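I have placed the structure first, in the form of structure tokens, so that the comments after it can refer back to it.
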Amino acid sequence: DVKVTQSSRYLVKRTGEKVFLECVQDMDHENMFWYRQDPGLGLRLIYFSYDVKMKEKGDIPEGYSVSREKKERFSLILESASTNQTSMYLCASGWDRNYEQYFGPGTRLTVT
Amino acid sequence: SQQGEEDPQALSIQEGENATMNCSYKTSINNLQWYRQNSGRGLVHLILIRSNEREKHSGRLRVTLDTSKKSSSLLITASRAADTASYFCATALTGGGNKLTFGTGTQLKVEL
């Protein structure tokens, strides 16, 4: 079974803090993705990566950065957390040209 | 902007009834997928239909695709309480690589 794990299920941070969200997959997938999910807006793509050390901006990259130093790990970084980044963050992975994505359980981040 | 829009936003039915959800999209696609999300959890892939397919079945699921109308429908037959979840369509755009664009989802409630 494909397993995608995320470092925390729930996280509470203060405005201005630097926040790291970690995602690890165990299926040797080339592609990894970070989304945020907000009520009424569905899932929106923040960043994605097709290979190690490679990253591309999604639809809403502002205020975020990513790191992919190893194939199995994709990190999302909030450089200076703000209250409008309170959201559910979902990581996903998949094989190249397969299109199906496998999701982690999500991290519910609250920024106060 | 959202590529996929689901309709209805919410649906409540009795156990044993069929549930139909619709998805409309705007631009040319490579394939369309449906995902399920149980409350507060990650998404689970249900079924993928390619742009040159018109209908696909998987267990109690039936998906149709009409590329001329840029729309798809997901039918769940003989629904069960365990089918209670949010359902999302996602489109892989032609020339868009492995990225998916998600709709806003349909919340399905199946009552005993």
Side-chain angles (χ1 to χ4, degrees), chain A residues 1-6 8-10 21 23-25 27 29-51 54-61 74 87-110, chain B residues 1-10 21 23-27 29-53 56 58 61 63 65 72 85-107:
Chain A
D1 273 358
V2 176
K3 196 166 185 182
V4 180
T5 57
Q6 295 184 228
S8 306
R9 288 299 316 278
Y10 301 94
L21 302 182
C23 176
V24 177
Q25 50 95 3
M27 281 302 293
H29 287 159
E30 294 89 357
N31 303 316
M32 296 189 75
F33 307 85
W34 274 107
Y35 298 89
R36 64 176 283 176
Q37 182 178 23
D38 301 288
L41 296 177
L43 275 75
R44 293 179 291 167
L45 182 64
I46 304 171
Y47 267 97
F48 60 102
S49 169
Y50 288 146
D51 203 349
M54 180 274 174
K55 61 186 178 185
E56 286 199 29
K57 293 179 180 178
D59 299 319
I60 51 164
F74 193 34
S87 186
M88 170 72 107
Y89 289 87
L90 293 163
C91 174
S93 68
W95 284 289
D96 195 31
R97 289 187 289 279
N98 178 275
Y99 298 103
E100 177 182 343
Q101 292 185 14
Y102 298 83
F103 281 80
T107 295
R108 188 166 294 280
L109 172 68
T110 302
Chain B
S1 63
Q2 294 293 331
Q3 160 76 337
E5 297 289 340
E6 284 92 338
D7 171 59
Q9 289 188 343
M21 289 158 263
C23 170
S24 60
Y25 57 92
K26 298 174 184 174
T27 59
I29 63 171
N30 182 296
N31 66 73
L32 185 145
Q33 304 174 39
W34 286 90
Y35 288 78
R36 184 187 74 216
Q37 183 182 35
N38 289 91
S39 181
R41 308 296 295 187
L43 278 71
V44 175
H45 181 266
L46 294 177
I47 196 165
L48 180 153
I49 186 165
R50 301 188 188 283
S51 60
N52 60 355
E53 297 175 311
K56 207 160 182 181
S58 176
L61 305 180
V63 170
L65 179 65
S72 173
S86 293
Y87 292 81
F88 294 87
C89 70
T91 50
L93 304 184
T94 302
N98 291 282
K99 287 194 305 179
L100 295 178
T101 303
F102 285 83
T104 52
T106 292
Q107 282 188 301

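Naming convention: chains lettered A, B, ... in sequence-line order (proteins, then strands); numbering from 1 in each chain. Keep in mind that what you see is a predicted model, and the values were worked out from it rather than measured.
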Legend entry - Residue part contacting chain A, namely of Gln9(B), when any heavy atom lies under 4.5 Å: neither

Legend entry - Portion of Tyr102(A) that has a non-hydrogen atom of chain B nearer than 4.5 angstrom: neither

Inset, instruction - Find the one option among Gln6(A), Met88(A), Arg9(A) whose heavy-atom pairs under 4.5 Å with chain B are most numerous. - result: Arg9(A)

Legend entry - Atom CD of Glu30(A): over 12 foreign heavy atoms under 6.0 Å: yes

Legend entry - Greater than 12 external heavy atoms within 6.0 Å of Arg50(B)'s CZ: no

Inset, instruction - Measure Leu48(B) against the heavy atoms of chain A and call it side chain, backbone, both or neither at under 4.5 Å. - result: side chain

Legend entry - Contact origin within Glu56(A) toward chain B - heavy atom pairs under 4.5 Å: neither

Inset, instruction - Answer whether the closest heavy-atom distance between the side chains of Arg108(A) and Gln37(A) falls below 4.5 Å. - result: no

Legend entry - Residue pair Phe74(A) / Gln25(A), side-chain heavy-atom distance below 4.5 Å: no

Inset, instruction - With a 4.5 angstrom heavy-atom cut-off, could you sort out which part of Tyr99(A) is near chain B: side chain, backbone, both or neither? - result: both

Inset, instruction - Sort out for me which of Arg41(B), Gln37(B), His45(B) touches chain A most, counting heavy-atom pairs under 4.5 Å. - result: His45(B)

Inset, instruction - Please flag which part of Asn31(B) lies under 4.5 Å from any non-hydrogen atom of chain A: side chain, backbone, both or neither. - result: side chain

Inset, instruction - Indicate the ring-plane relationship of Phe33(A) and Phe48(A), choosing parallel, tilted or perpendicular according to the 30° and 60° boundaries. - result: parallel

Inset, instruction - Compare all side-chain heavy atoms of Leu65(B) with those of Ile29(B) and state whether any distance is below 4.5 angstrom. - result: yes

